[in-house]
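In what follows, chains are A, B, ... by sequence order, proteins preceding strands, each numbered from 1. These figures come from a predicted structure and were not determined experimentally.
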Amino acid sequence: MTVPATPGRRAEAGVLPLDGAGVLVPAETPFRQVWRSFRKDRLAMAGLVVLAALLMLAVLGKLFTEWWVLFDPATVRLPDKLRPPFSIPSSSIGKELWPTLGLYPFGTDELGRNVFARMLQGSFVSLSVGVVAVSISLIIGITVGGVAGFYGQRKLGFVSVDTLLMRVTDVAVCFPTFFLILTVVALLPPNIYNIMIVIGITSWMGTARFVRAEFMALREQDFVTAARALGLSEGRIIFRHLMPNAMAPVLVSATIDVAHAILTESALSFLGFGVRPPFATWGNILADGRSYIFDAPWLFILPGGAILVVVLAFNLVGEGLRDAMNPKLRRRASG
Amino acid sequence: MWRFVLRTVLQRLLLLLLISIISHLVIHLAPGQPSEVDPMNPMMKAVDIARIRASFHLDDPFYLQYLHWMRDLVFGDLKSFRDGLPVLPKIWDRFLNSAPLFLLTTLIVWTASFPTGIHAALRRGSLYDRSTTLVAYTLISVPGFFLSYLLILFVVRTFHLPVIGQHTFGTEHAPLIVRFMDRIWHLAIPSIMAALTGIAVLSRYVRAQMLEVIDQDYVRTARAKGLDEDHVVYGHALRNALLPFVTMFGFLLPGLISGSVIFEQIFAWPGLGLLGYEAILARDFPMILTLNFMAAALTLFGILLSDILYAVVDPRIRLE
Amino acid sequence: MSGAEPQATPLLSIRGLRVDFATDAGSVPAVRGVDLDIGISETVALVGESGCGKSVTAMSVMRLLTGRISAGSIRFGNTELQSLSEPEMRRIRGAQIGMVFQEPMTSLNPVLTIGKQIEEVLTLHQRLTSSAARAHAVELLKRVGIPSAERRASQYPHELSGGMKQRVMIAMAISCRPKLLIADEPTTALDVTIQAQIMDLLGSLQQELGMAVLLITHDLGVVAHFAERVAVMYAGKIVEQGAVRDIFKRAAHPYTRALLAALPDPLRTAARLEAIPGRVPLPRMLPAGCAFCARCKHVFEPCPGVLPELFPIAPGHSAACFLHDPRRAPSNVPCQ
């Protein structure tokens, strides 16, 4: 005998047939499953770390450039224009204008402003452009998709709610998005809120479509019928039962949409319709920097690199989440 | 089949009408007035503004303006605010510039994406797969103009060659072959730059599609028949994986107008995207509206084309 | 046919087959030492619950596994399949060993016509011209009982019912007159009425072509009418094998008995269907000894710790249970 039998094994086996090898493994919560799978994806984890750092940076940026001004992004020091990174202010700069660290970590721009301070301020603005725009798009998309998916069969005169909302979505899809954004941004007073709103209201169609699909699939399932049979209110069914189930794809696309919104903002800046001063965003620092690409490449490469890293992080986290939430892929990965 | 096409075309036309009305609304509700075309211009006097407003029916009610625009568009005498020249010939000129760029870009994207994506899917988890994944994500994540500027910087510094514009300045009288090669060179760089993001996105999609298909039962059946791996992959799996891409041909069309704004701006390529951009800057409403209308029409036409193509290639789809 | 005893030179001979699958939690055994012989023209059923490794065994024969064969030999005639190169193996697949799968719905390529999918095998292995292949494919469709075969040949799989698709799969599998047909749960996905038709078709084809059949199923009821010999698998091992008669009349392993007790028997009135308590242990949590011991009524000392070998019961009938170990079995054990 290689393995000693547990004493009393025989008696136990007779009484508890489920014991031993047939023991039930405690079920993992879906969240833990996703997290376990996500954690193995090294690229996605790297992305998550970058995003956590970005969030901290954005908060610190807001803190140190607006509330407790350690780094002033607006101070103009003309004698010190276009200084390379890590240079020390020249002697002509008065003591009161000296940058906090005693040097320009990222150099200065064409007005002698501290690029480090501008990037710090921009981190908050860029991130909030992305997050606010995507929040707007999510609110519209989830509402339209949810109503179409759940109340789709109701009739409004001669068309059903579903037909009406989906035709509206079709119309929205047919607008050349970037062109529309350009037009509207060009016509509206140029401010940061308009840019957020315009990006938001031109990018909700995808969310609406898959929330609708998800709702239509879910509302036919047994647990919804059961919930109805129990007399639960519609609101409760929607928010307690349908929403959480539809959230997985929404979360994935929201993550990727933030990345997209940040890129759109930088493209708008490039065409001269971006966020206007006094706000610095990575997009407009980059767009302004292109004029000095030969003389002061850091004005171009630093913000460009920063956008690349952050957008990449959002994309990797989004794709990692998608893989981790896709049960089919997960099963494949494990055997 | 024909009934389907007819019904869809009618539906799409209705949508198109709706879209054009909404675009008018968007423009008319926006605070900027076309009479502010050039408010700084001291030559622009109140009289001129009034004359412009009158000639473009700007003081009429909204629906009349819309009808005017519609009629002018149909009869081809819609005129630009900016210089009073007819809109359609201008668009045609620019289209001739955009088309080669668009075609070359599309060609590059499609020929590069498929081998890359298929290869990555078949060697899932290999070094090749992981590195193309990372490169693809990087390309998706980089602002297009950032990469283009870096390339321009590189080419200009290393080869001392001009890359901006449609041809090199001063080559107008060079021999035909030189002009031709010059033209190709000036076309190649913007096409490649515009294609990079497309390659990244499409090759990821090809990979995902291929992975989806390669685990299907009928692929196993094909192997159990004794077919060799190439036949299994290209004869059985790829055929199925390709189906969704047929529909993407349709979605490419609108890219002709709005997809190229950034790259045409960077490379000073006088195409449709740049035309739209200039029109927006100048608040040239007839031009903006017409381009917008055409882009929407192309989108709708593209969707129709996709539906039909899908029914042609997938025996399971019937157009009802 | 007598069939109870494997013939002297079996057509297929599996010895000590072990298959492992790599997972996050390390390597997991799916098949743990299977010995199985199939004689020429013999019909053998491999029976077991889902996940017991029976399909994996079949796929190992075809060498179409995603897992890894870590030990054992698979001889087909005089050829060791494991030592063949991939091109050599391809000449066996579809030509000498045909396979029918469980899911006719998804096993046919949706974008190719049925005719084309059958012709493909014929042009590949028999070097037929395309018109000859076409004619032959129509013949085959007629043979498997598909009405208006010419028209069907130019149709796509979605235009056929599930039963029809399975007939097409069978036509494809027998198109090159294979010596061995592996049918992996060929009727599980079909309606009960269709199931009987498909099994009849397989039976008559077996007779006509004189091919051996390895039928993989979880349904002992199917086995009784069709197979000559039965091998019962549990958790990656064969726990009992013998002639159909022996298995049904004198089942020796507690698991086989439990399976039989779970079978509805129309002749036994007031029969109580017995479910087997518990479930198949996960491959990574197997005990050192008999894998069935957690669910077995007769567990005694050696069971959890020692792996039982196949003990002979009668000629051609053996069971892997210590109840039948002459050295260990307690005398008071009930034996049918």
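Interface check for chain B: of the options C176(C), P157(C), G94(C), P110(C), the most heavy-atom pairs under 4.5 Å are formed by P110(C). Of the listed residues (D314(B), N240(B), V313(B)), the one with the most heavy-atom contacts under 4.5 Å to chain C is N240(B). Contact count against chain B (heavy-atom pairs under 4.5 Å) is highest for R93(C) among Q102(C), R93(C), R63(C). Heavy-atom pairs under 4.5 Å with chain B were tallied for Q155(C), M172(C), E103(C); the largest tally goes to M172(C). Residue with the most contacts toward chain B among M169(C), H125(C), H158(C): H158(C) (heavy-atom pairs, distance under 4.5 Å). Comparing E159(C), E120(C), M89(C), M62(C) by how many heavy-atom pairs each has under 4.5 Å with chain B, the most go to E120(C).
The environment of F245(B) atom CZ is dense: over 12 non-hydrogen atoms of other residues, nucleotides or ligands sit within 6.0 angstrom. The 12-atom threshold is exceeded at OH of Y128(B), counting heavy atoms of other residues, nucleotides or ligands nearer than 6.0 Å. Counting non-hydrogen atoms of other residues, nucleotides and ligands closer than 6.0 Å to NZ of K165(C) gives a total above 12.
For the atom pair E229(B) CD and E86(C) CD, the distance stands at 7.5 Å (nearest 0.5 Å). Atom CE of M59(C) sits about 9.0 Å away from atom CZ of R223(B), to the nearest 0.5 Å. Rounded to the nearest 0.5 Å, atoms CG (D228(B)) and CZ (R91(C)) are 11.5 Å apart.
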Dump the intermediate steps for side chain to side chain contact (heavy atoms under 4.5 Å, CB included) on M105(C) and D217(B), then the final yes or no. CA-CA 9 Å; M105(C) 298 301 172; D217(B) 288 348; over 6 Å; no
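Here the closest heavy-atom approach between residue A224(B) and residue M99(C) is recorded as CB-CB, 4.4 Å.
Only the side chain of L112(C) comes within less than 4.5 Å of a heavy atom of chain B; its backbone N, CA, C and O stay farther away. In this structure, chain C has heavy atoms under 4.5 Å from both the backbone and the side chain of L227(B).
By the 4.5 Å heavy-atom criterion applied to side chains, K225(B) and Q117(C) are counted as neighbours. Using a 4.5 Å cut-off on side-chain heavy atoms (C-beta onward), R90(C) and H231(B) make no contact.
Judged by distance alone, the side chain of T221(B) and the main-chain N or O of S107(C) form a donor-acceptor pair under 3.5 Å.
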